Amino acid sequence: MKFSEDQASAYDAVADVLKAAGIDLDDALLLPESDGKQQTLAVLGKAGSGKTMLLAKLGEALTDAGVDTISGDYEGKARKDRRTLAILAPTNKAASVLRNRGVAATTIHRILYTPMYDPEYEKIAEWLAGNAEKPDIEGLTDVALDRAFAFFQTNKSVPGALAVAGLRGSDFIIGWKRREEALDVGFVDEASMLDDKQLEDLQEIFSTLILFGDPAQLAPVGQSGSMAFDGLPEGRKLVLSRVHRQADDNPILDLAHALADPQLEFHHFEKMIEEAAQKDDRVVVAPRVDAAAMARAPVLVWRNATRIRLIHAFRAAYGAPAEMLLPGEPLICDGIELPMKHRKKRIDLEARGLIKGAQAVYLSEGRKPGFSRLHVVGAEDPQVSAATIIKIEMPGEEEPFIPSAARMGAAFVHGAACTIHKAQGSQWTDVQVFAPDIYAASRAGRTEAGIALWKRLAYVAITRAEQRLLWITRYMLAKPEAPLGIEDLKSVPAPVLELEAQSPDAE
């Protein structure tokens, strides 16, 4: 795909900012880093405007110029005059969407905190990265090292290569610490999800920060309807107006962009959905929620009460016992419940992907009481065993049911349904949107930053669909035809990493 005029203009503007920082994309040259002040630029556009393509092309140009990409894999030892790039997303799922498009992305948390490596196994990582000779490691044969090397040639993942050699992540990474080294360039996708504090943290780390965001999405909770990039000067906000994916005659994007019409009412929009469904099987109007689809992609709702009722219906449809979880039940991380003195353990959990909003699938009970084996969706090393506090809210009940209760650790709620706010940054092949909630928002008459709230909700919800949108019209659920399972989840060759929350009495 060739650049449009607005993409080319944005590319040139970013290139000028990078050149001022000593990175010349035109001539693929690295100059001494300037001592200028921190620079932040935002590239804004609605779904389909080409933000991700522009981000990818800029990343390729920086790599061609000799800039090192810092990912969540292995950073390596700092070198004199090294210039760096990190491509970030607020959630594991958002980062995995980029990785599936060939972009070496990681999460913001994974860059804010850096791993501390075991010195012995770090020799293997340096060898794989081409910075050292093949090491002699006690307990590892040449055959095991050769397997690791062969894996790395095609996958470029140090943890993956070490797993092939028979090592676990807990062998290689012995702890985490707040990043001390500054980095040069940061690209942040899904920047509409950033709050002001996260933006400040990133500006402290990156001398040049480029935000890629959608101003039509929902602002983070607590931001009073504004987004972190709204405060940038107008000259620091570039707008992509052309919708590239419209060339594919995408009915989902047609519907998303129709919401920009200030005269559009909910009943008109629903009529448009019905007409689109008659012409294209990528849009479906359905009277029932599909329980089987909820196991891997949550139904998107506005109201918490709706979310809780749908979760209860999902569990009932699968015959889930009240006192325990079934393997395959979806979960969403609700934060880390640890006292402040266990800051290192919090960093450990977050760096492994268990950050607020992370999606996971329950695999089984862990080896220790209060532990659960989980598959963290979108994480680069997805299978972990962690101390968990799993809460399942029940309709009409103030207190949740808790099938797994460590004294402290990663807290989870059920993930068969989630709010549209929490869905931002994620995409799924098929997405079910619960239309009665969008209608309720339209009846409430609320606005956010001058736009009707129901339109923002509908826009975010339907643009989560990569291939098919299911518009659910009634409070009904279609029962699954097969039992819940975990056979579809990719397994890893190494044992899962144990993430243990220390007891309150531990030193």
Side-chain angles (χ1 to χ4, degrees), residues 1-19 23 25-26 28 40-65 67 69-71 85-91 93-108 156 185-194 206 208-217 227 229 236-257 260 282 378 424-429 431 459-460 462-467:
M1 185 185 291
K2 294 182 179 179
F3 279 163
S4 64
E5 185 176 338
D6 56 357
Q7 278 182 314
S9 176
Y11 183 98
D12 290 343
V14 174
D16 287 343
V17 169
L18 293 172
K19 191 170 185 177
I23 302 172
L25 298 187
D26 293 331
T40 300
L41 191 70
V43 179
L44 309 177
K46 292 185 178 181
S49 60
K51 298 186 299 296
T52 301
M53 176 200 174
L54 181 60
L55 182 156
K57 292 297 183 184
L58 284 163
E60 290 173 8
L62 282 160
T63 299
D64 291 342
V67 176
T69 298
I70 305 299
S71 71
L85 163 70
I87 301 174
L88 312 175
T91 66
K93 192 68 169 67
S96 71
V97 169
L98 286 174
R99 290 197 296 271
N100 289 338
R101 297 176 181 176
V103 178
T106 189
T107 62
I108 292 171
K156 300 301 179 186
V185 182
F187 290 171
V188 183
D189 197 30
E190 297 289 351
S192 57
M193 298 176 67
L194 288 181
F206 295 99
T208 303
L209 190 64
I210 313 296
L211 310 177
F212 295 80
D214 186 340
Q217 291 196 9
M227 298 181 185
F229 49 68
R236 289 276 147 171
K237 291 186 281 190
L238 312 173
V239 178
L240 303 180
S241 55
R242 179 181 170 185
V243 180
H244 296 269
R245 283 189 282 173
Q246 292 292 76
D248 298 331
D249 191 27
N250 188 328
I252 298 171
L253 284 175
D254 287 337
L255 292 167
H257 289 277
R282 287 174 287 181
Q424 288 195 148
S426 296
Q427 282 190 305
W428 298 272
T429 302
V431 167
Y459 176 87
V460 171
I462 66 180
T463 54
R464 300 311 92 199
E466 292 178 330
Q467 296 181 17

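All figures in this text were calculated on a predicted structure; none of them were measured in a lab.
Nearest heavy atoms, Lys51 versus Val43: CD-O, 4.0 Å. Across all their heavy atoms, Leu85 and Gly59 have their closest contact at CD2-CA, 4.1 Å. For the residue pair Leu211 and Ala191, the shortest heavy atom distance occurs at CB-CB, 3.7 Å. The two atoms that bring Ser192 and Asp214 nearest to each other are CB-O, 3.6 Å, heavy atoms only. Nearest heavy atoms, Phe229 versus Gly213: CE2-CA, 4.2 Å.
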Given side-chain contact (heavy atoms from CB on, under 4.5 Å), test Thr40 with Phe206 step by step and report yes or no. CA-CA 9 Å; Thr40 300; Phe206 295 99; over 6 Å; no
Test Thr463 against Ile252 for side-chain contact (heavy atoms from CB on, under 4.5 Å), laying out the working first. CA-CA 7 Å; Thr463 54; Ile252 298 171; 5.6 Å; no
Please determine whether side-chain contact (heavy atoms from CB on, under 4.5 Å) holds for the pair Glu190 and Leu98, giving the CA-CA distance in whole Å, both sets of side-chain angles, and the decisive distance to 0.1 Å. CA-CA 10 Å; Glu190 297 289 351; Leu98 286 174; over 6 Å; no
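Interatomic distance, CD1 of Ile87 versus CG of Asp189, reported as 9.5 Å (0.5 Å rounding). Between the CG atom in Leu44 and the CE atom in Met227 there is a gap of 9.5 Å [rounded to 0.5 Å]. In this structure, Ile462 CD1 and His257 NE2 are separated by 9.0 Å, a value rounded to the nearest 0.5 Å. Atoms CG and CG, on Asn250 and Leu255 in that order, are 9.0 Å from each other to the nearest 0.5 Å. Of the inter-residue distances, the one linking Asp12 atom CG with Asp26 atom CG reads 7.5 Å to the nearest 0.5 angstrom. Separating the CD1 atom in Ile108 from the CG atom in Leu194 is a distance of 4.5 Å, to the nearest 0.5 Å.
Thr107 is linked by a side-chain contact (heavy atoms from CB on, under 4.5 Å) to Asn92, Ala95, His109, Arg110, counting only residues two or more places apart in sequence or in another chain. Applying the side-chain contact (heavy atoms from CB on, under 4.5 Å) criterion to Thr63, with sequence neighbours excluded, gives Thr69. Every residue meeting the side-chain contact (heavy atoms from CB on, under 4.5 Å) condition with Gln467, not counting sequence neighbours, appears here in chain and number order: Thr429.
Aromatic ring orientation, Phe187 versus Phe212: perpendicular (interplanar angle above 60°, classes split at 30° and 60°).
Between the side chain of Arg101 and the backbone N or O of Met53, no donor-acceptor pair lies under 3.5 Å. Put simply, the side chain of Gln424 never gets that close to the backbone of Gln217: no donor and acceptor are under 3.5 Å apart. Judged by distance alone, with hydrogens and angles left aside, the side-chain atoms of Lys93 form a donor-acceptor pair with the main-chain N or O of Gln427 at under 3.5 Å. Without hydrogens or angle criteria, Lys46 side chain to Leu240 main chain gives no donor-acceptor distance under 3.5 Å.
Within the 4.5 Å cutoff, the side chain of Leu55 has no heavy atoms near those of the Ile210 side chain. Taking the side chain as every heavy atom from C-beta outward, Val185 and Val67 never approach each other to under 4.5 Å.
Other residues, nucleotides and ligands place more than 12 heavy atoms under 6.0 Å from the NZ atom of Lys237.
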